[in-house]
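The next block holds one structure in the form of structure tokens; read it before the comments.
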Amino acid sequence: MNTTCAYCGVGCGIRLSREGDGWQLQGDEQHPANAGALCVKGASLLESLDFPDRLLYPRWLGQRIGWEQALDTLAERFTAILAESGPQAIGIYLSGQLTTEDYYVANKLMKGYLGSANVDTNSRLCMSSAVAAHQRAFGEDLVPACYEDLELADLVVITGANTAWTHPVLFRRLQQARARRPELRLVVLDPRRTMTAEQGDLHLALRPGSDVALWNGLCRYLLDHDGWDKDYVARHVSGFEALAAALDDPAWQLEAVAQRCDLAPGDLLGFYRLFASTPKTVTLFCQGINQSNQGVDKANAIINAHLLCGRIGKPGAAPFSMTGQPNAMGGREVGGLATQLAAHMGFGEAERDRVQRFWQSPTMVDGPGHKAVELFEAVHRGEIRALWVLGTNPAVSLPDGNRVREALARCELLVVSEVTANTDTARLAHLLLPAAAWGEKSGTVTNSERTISRQRAFLPLPGEAKPDWWALTRLARRLGFGEGFAYEHEHEIFCEHAALSGFENEGQRQFDISGLARLSRAEFEALVPLSWPVNARWPQGRARLFEDGRFATPDGRARLLPLAQLFPPEPVAAPEAVRPPAGLSLLLNSGRLRDQWHTMTRTGHVPRLQEAEPWPRVRLGAASLLALGLKEGDLVRLYNGLGEARLLVGLDEGLREGEAFQPMHWTDRQCSQGAVNRLIAAVVDPLSGQPMFKQGRVWADPQPTRWQGLWLGWRDWDEPLDWWARRPLPEGNCTLLASWSEAPEALWQRLATQGRWLRLPLASGWLAVALAGDRIDGLLLVGERRPDIKVELLASLLGTPLQAGALSQTLNAALLGESRLICSCLRVSEQRIVDAIVRQGVSELAGLQALLGCGSNCGTCLPEIDKLLIKHVFIASA
Ligand SMILES: Nc1nc2c(c(=O)[nH]1)N[C@H]1C(S)=C(S)[C@@H](COP(=O)(O)OP(=O)(O)OC[C@H]3O[C@@H](n4cnc5c(=O)[nH]c(N)nc54)[C@H](O)[C@@H]3O)O[C@H]1N2
Ligand SMILES: Nc1nc2c(c(=O)[nH]1)N[C@H]1C(S)=C(S)[C@@H](COP(=O)(O)OP(=O)(O)OC[C@H]3O[C@@H](n4cnc5c(=O)[nH]c(N)nc54)[C@H](O)[C@@H]3O)O[C@H]1N2
Ligand code: SF4
Ligand SMILES: [Mo]
């Protein structure tokens, strides 16, 4: 059976085959996105399905209830709120991780039946700047390119994206193309020297937020050096005069731009020349562009340069916005954003009328609703009284996390549809509804290149879990809308969605999949991946848009836009910019790690995905560490007027000085104080409403500790403590502990009174053994500093009878230190690679791959392996 990966917007195809009682998973060779390849997250999907806190039944205030009762309660409360406060008092918050069918039903119910446009999605945090930029430039939210364009290009510019980690299979495709054709150049524009930047031919570490200046400077350079396509602009583009006039300003001359971007003029010139002389250029962008207080402008600045050179709608030439989530694109098609009506239509009178006639619905919203950040503000004010959250964890993922948590806690009726019961958001819900997870649910998703693929169910629904569209449909029926929501299968929903896209569409809307509106159930089941549009003109779909130079604007021309660079890139009046008295000032960047997915609800319980980066760390540059007097592994306190976090520090030589990078993944479930968004102000782009997650102002102080410790046990650590962070082990879990308020002796006194603890002195502190009968139930190491230890080895003692010899032998071996995992796919540690180089004399990559397998699957670790080779072969022998 074939399905689609649950994670990123590459949208890889997956093939499942039966093996004994279980399933075996591999990449689908036939899928156009990945041709059989998978990254470590996709390859671990089966392991991830073993959720620790799976939500199996509806729960009302923590108590199990039946679906009938849950839906009746929901219908009753919605009806009462509608009667008392009107439709604006109801909100729905959706997710790019739902299927298109889930999205379609939610959107129809809200906009056409309840009459509220307060339906937004976490795509607001992710894609809304790109959506708005596409609409401004092309007249519609259209991604022009396909993945193959990356392989056909002669220059790929990756900006504001760490593609090697976040879209690994696509990056691998690019790298393979570069190996075949060394003339294919890669330039990376990112303030941070990421794993992606490491692999570029050129990396420009621009000043955060200065992207508009960089692209304006490029356009100015193209105009000055005859590097633009006059013919293309004359025939297919509008707005040239205004752009040229705006660029006729000394601010956009090379030297001035270089200064704004904090780059060496020579480096910048090198990039401009390369761009000017390479017709086949693809510029790929993601959250470093979108998540900004001028995200829409940044995206349009990139598109400007491509339009000016006519580099769009051609093989190997396009601006390319990568979508993050598996179905962010499907949500955009449906109209799941509060600023869209449905099927790429807005709120004009004719469009509202058209959609209402198609739906035959009792009502129709009259304009856009609240965007995500405003939506939660309206909840905070009590204006939205009932909020239904499906498939997202806003307590963690929205900016100004403390305020969002406050809003959720104040909400009169919070309904959360979830797969796991124990998320920071789900814990605040009144009503919890169990959702079908990946592997159990069925429907369609659309990836970054507009390819619609099927997600198929291969597992039975556990407990009383139901697909989200089912829950929405059943509520709609209870509210008296049976006719509009008679669906019994996702196939019916998909066909209706496809029909709406083609309804009274004489080519005005390029999003048109009416060619799929009449699929039979069997054809829907057998649907193969297809890129939209799919209609009478393009029955087999279409890989590239705008090939004819016609855009979706009224005059058919794409629009160039004059754009100003905001400076400084941070908003001066950001609420957190109230300067606390002391502390080192840092600009906080946030984003993703290779092996984790968002708020860790799907990856945090998979030991193999934890190994490369097990603990919540904020990375700082060497000078910042020095200024703070901290070493790697110490604790730091980050704070501002909004909140605080306490994390381990790590050194990242790829950061610009004065900047820090904190992963977005840690939540209150895994760490006492590790969630980054408590520190990020709710500053948004004025057009898209997308939050500026990438530049927050924080202050840092060292966080001294009286002791640090490590707990290994089958049960969770449950003594109250100042600080902790937890990760799972194949069996049991491992918790880092620290205290600044209590001496280690005081901790021991607390434990000793429980009676089942034994203590042994160590050179650097002590080891306490928790006993259950005569067996080891847990191990606690306490010292001045966190012990550097082979966790897995020590954990092998859990459950064994207490024997002094075995204990000291294992302990000694474990204390020889932990080795970092380099290749997550084949689980090869740094130590094994170094041993192979130093002891076995392997001196090149192919040899390491043959011996250990490292780097031979997804390839994201190749640059790290390279570094080890350089360090241990070349430098050592020099
Ligand atoms: N492993 C993994 N992969 C994922 C996800 C995940 O959770 N884990 N999530 C998926 C989702 S939903 C998304 S949206 C994507 C996101 O994919 P990406 O956008 O590739 O990932 P991020 O880590 O958010 O950061 C992007 C980069 O922007 C840079 N940046 C910051 N500020 C600026 C700036 O001012 N200008 C420029 N040019 N760059 C800047 C950051 O340094 C960072 O390297 O990843 C998807 N893939
Ligand atoms: N600081 C900072 N914050 C960020 C970002 C950043 O770069 N920096 N990135 C932003 C971006 S781009 C994104 S996309 C968001 C992501 O943020 P979220 O959407 O909040 O993150 P997830 O952890 O993916 O949450 C999805 C939840 O849905 C559940 N789930 C999975 N499948 C289903 C299903 O089929 N049905 C239902 N009902 N539930 C399901 C999962 O268990 C999980 O709890 O974070 C944003 N926040
Ligand atoms: S690249 Fe993205 S879609 Fe492909 S396997 Fe990895 S996470 Fe899944
Ligand atoms: Mo995202």
Side-chain angles (χ1 to χ4, degrees), residues 4-14 25 27-28 31 33-34 37-45 95-97 121-128 130 157-173 188-197 204-212 214-215 261 284-295 298 302 321-328 392 397 438 445 447-448 453 569-570 587-600 602-603 609 654-656 659 661 663-665 690 692-695 858 860:
T4 313
C5 179
Y7 296 115
C8 83
V10 178
C12 296
I14 284 179
L25 177 151
D28 174 3
H31 198 287
N34 60 316
L38 291 179
C39 77
V40 65
K41 289 188 302 304
S44 315
L45 265 167
S95 159
Q97 295 168 69
T121 138
N122 67 355
S123 290
R124 180 71 57 197
L125 318 179
C126 181
M127 300 316 303
S128 59
V157 182
I158 295 184
T159 180
N162 186 7
T163 316
W165 279 12
T166 54
H167 296 107
V169 166
L170 185 63
F171 191 73
R172 182 94 179 122
R173 274 181 73 165
V188 179
L189 313 175
D190 192 310
R192 203 162 54 109
R193 190 165 178 84
T194 58
M195 262 311 146
T196 309
L204 297 183
L206 76 169
R207 189 196 305 277
S210 65
D211 302 81
V212 171
L214 186 141
W215 290 90
C261 300
L284 186 138
F285 61 97
C286 205
Q287 299 314 336
I289 298 300
N290 298 348
Q291 290 172 343
S292 153
N293 57 341
Q294 59 169 162
K298 283 186 181 190
I302 294 169
S321 148
M322 280 302 289
T323 53
Q325 301 175 89
N327 198 30
T392 170
S397 54
W438 180 86
V445 294
N447 73 6
S448 302
S453 308
E570 294 170 81
L587 192 62
L588 185 66
N589 184 352
S590 66
R592 287 147 180 87
L593 296 176
R594 186 189 63 188
D595 298 352
Q596 289 301 334
W597 181 260
H598 292 166
T599 70
M600 285 200 197
R602 291 152 127 199
T603 46
L609 296 179
L655 282 168
R656 293 163 46 96
E659 289 166 23
F661 182 84
M664 65 176 286
H665 306 296
Q690 182 158 351
M692 175 160 129
F693 286 117
K694 297 290 187 251
Q695 286 100 39
C858 79
T860 42

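This one's a predicted model, so the numbers in the text were calculated from it and none came from an experiment. Remember, it's 1-based here, ligands and their atoms both numbered in the order they're listed.
- Using a 4.0 Å cut-off to heavy atoms of Arg594, the atoms of ligand 1 that qualify are 1 (N).
- Residue contact check: Leu38 has heavy atoms under 4.0 Å from atoms 5 (S) of ligand 3.
- For ligand 1, the polar-atom distance check finds no N/O of Thr163 at less than 3.5 Å from any of the ligand's N/O atoms.
- Looking at ligand 1, you'll find an N or O of Lys41 within less than 3.5 Å of one of its N or O atoms.
- Within the listing of ligand 1, atoms 14 (S) sit less than 4.0 angstrom from a heavy atom of Cys126.
- Scanning Gln325, Arg656, Gln287 for the heavy atom closest to atom 14 (S) of ligand 1 points to Gln287.
- The closest non-hydrogen atom to atom 4 (Fe) of ligand 3, taken over Ala37, Gly9, Cys39, Cys12, comes from Cys12.
- Checking only distances, Thr194 never comes within under 3.5 Å of ligand 1, N or O to N or O.
- Not a single heavy atom of Met322 lies less than 4.0 angstrom from ligand 1.
- The atoms of ligand 1 that sit less than 4.0 Å from any heavy atom of Cys8 are 47 (N).
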For the pair Phe285 and Asp211, evaluate side-chain contact (heavy atoms from CB on, under 4.5 Å) and give the outcome as yes or no after the intermediate values.
CA-CA 11 Å; Phe285 61 97; Asp211 302 81; over 6 Å; no

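- Between Cys5 and Leu45 there is a side-chain heavy-atom pair separated by less than 4.5 Å.
- With respect to atom 26 (C) of ligand 1, the closest heavy atom belonging to the protein is Gly160 O, 3.5 Å.
- Using a 4.0 angstrom heavy-atom cutoff, Gln291 does not count as in contact with ligand 1.
- Considering backbone and side-chain N/O atoms, Ser210 never comes within less than 3.5 Å of an N/O atom of ligand 1.
- Taking every heavy atom of Arg192 and a limit of under 4.0 angstrom, the matching atoms of ligand 1 come to 42 (O), 43 (C), 44 (O).
- For Lys298, a nitrogen or oxygen atom sits less than 3.5 Å from a nitrogen or oxygen atom of ligand 1, counting backbone and side chain alike.
- At least one N/O-N/O distance between Gln596 and ligand 1 falls below 3.5 Å.
- Distances from atom 36 (N) of ligand 1 to the heavy atoms of Leu655, Val40, Thr196, Asp211 put Asp211 nearest.
- Using a 4.0 Å cut-off to heavy atoms of Pro208, the atoms of ligand 1 that qualify are 35 (O).
- For the pair Leu609 and Trp597, the minimum side-chain heavy-atom distance is 4.5 Å or more.
- Proximity to Val169 (heavy-atom distance under 4.0 Å) selects the following atoms of ligand 3: 1 (S), 4 (Fe).
- Taking every non-hydrogen atom of Thr159 and a distance limit under 4.0 Å, the qualifying atoms of ligand 1 come out as 38 (N).
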Evaluation steps, side-chain contact (heavy atoms from CB on, under 4.5 Å), between Cys8 and Thr166:
CA-CA 7 Å; Cys8 83; Thr166 54; over 6 Å; no

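- When every heavy atom of Ser448 is checked against every heavy atom of Met322, the shortest pair comes out as OG-CE, 3.5 Å.
- Applying the 4.0 Å criterion to heavy atoms of Leu189 picks out, from ligand 1, the atoms 38 (N).
- Atoms of ligand 1 found under 4.0 Å from any heavy atom of Gln695, numbered from 1 in the order shown, are 32 (N), 33 (C), 34 (C), 35 (O).
- Proximity to Tyr7 (heavy-atom distance under 4.0 Å) selects the following atoms of ligand 3: 7 (S).
- Shortest non-hydrogen contact noted between Leu214 and Leu189 is CD2-CD1, 3.9 Å.
- Close approach of ligand 3 to Cys5 is summarised as follows: ligand atoms under 4.0 Å from at least one heavy atom of the residue are 3 (S), 5 (S), 7 (S), 8 (Fe).
- With a 4.0 Å cut-off on non-hydrogen atoms, Trp165 touches ligand 1 through its backbone and not its side chain.
- When side chains are defined from C-beta on, Gln287 does not count as touching Phe693, because their heavy atoms never get closer than 4.5 Å.
- Closest protein heavy atom to atom 30 (N) of ligand 1: Gly288 CA, 3.6 Å.
- In terms of polar-atom proximity, defined here as any N/O pair under 3.5 Å, Leu593 does make such a contact with ligand 1.
- Residue His665 places no N or O, backbone or side chain, under 3.5 Å from any N or O of ligand 1.
- Residue-to-ligand polar distances keep Asp595 apart from ligand 1: every N/O pair is separated by 3.5 Å or more.
- Near Gly11, meaning under 4.0 Å from one of its heavy atoms, ligand 3 places the atoms 3 (S).
- Minimum interatomic distance between Leu38 and Cys858 (heavy atoms only, all atoms of both residues): O-CB, 3.9 Å.
- Protein heavy atom nearest atom 24 (O) of ligand 1, with residue, atom name and distance: Arg592 NH1, 2.7 Å.
- A side-chain contact (heavy atoms from CB on, under 4.5 Å) with Gln325 holds for exactly one of Asn122, Asn447, Val445, Thr392; it is Asn122.
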Evaluation steps, side-chain contact (heavy atoms from CB on, under 4.5 Å), between Trp165 and Thr194
CA-CA 9 Å; Trp165 279 12; Thr194 58; over 6 Å; no

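- Given atom 21 (O) of ligand 1, the protein heavy atom at minimum distance is Thr166 CG2, 3.4 Å.
- At the shortest separation from atom 13 (C) of ligand 1 among protein heavy atoms lies Gly324 CA, 3.2 Å.
- Heavy atoms of Lys694 found under 4.0 angstrom from ligand 1 belong exclusively to the side chain.
- Within the 4.0 Å heavy-atom cutoff, Met127 does not count among the residues contacting ligand 1.
- Below 3.5 Å of separation, one finds an N or O of Gly209 facing an N or O of ligand 1.
- When hydrogens are left out, the protein atom nearest atom 12 (S) of ligand 1 is His598 NE2, 3.0 Å; that is the closest non-hydrogen contact.
- Between Met127 and Ser321, the shortest heavy-atom distance links the atoms CE-OG, 3.4 Å.
- Of the candidates Asp190, Asn162, Val212, Val10, the one placing a heavy atom closest to atom 43 (C) of ligand 1 is Asp190.
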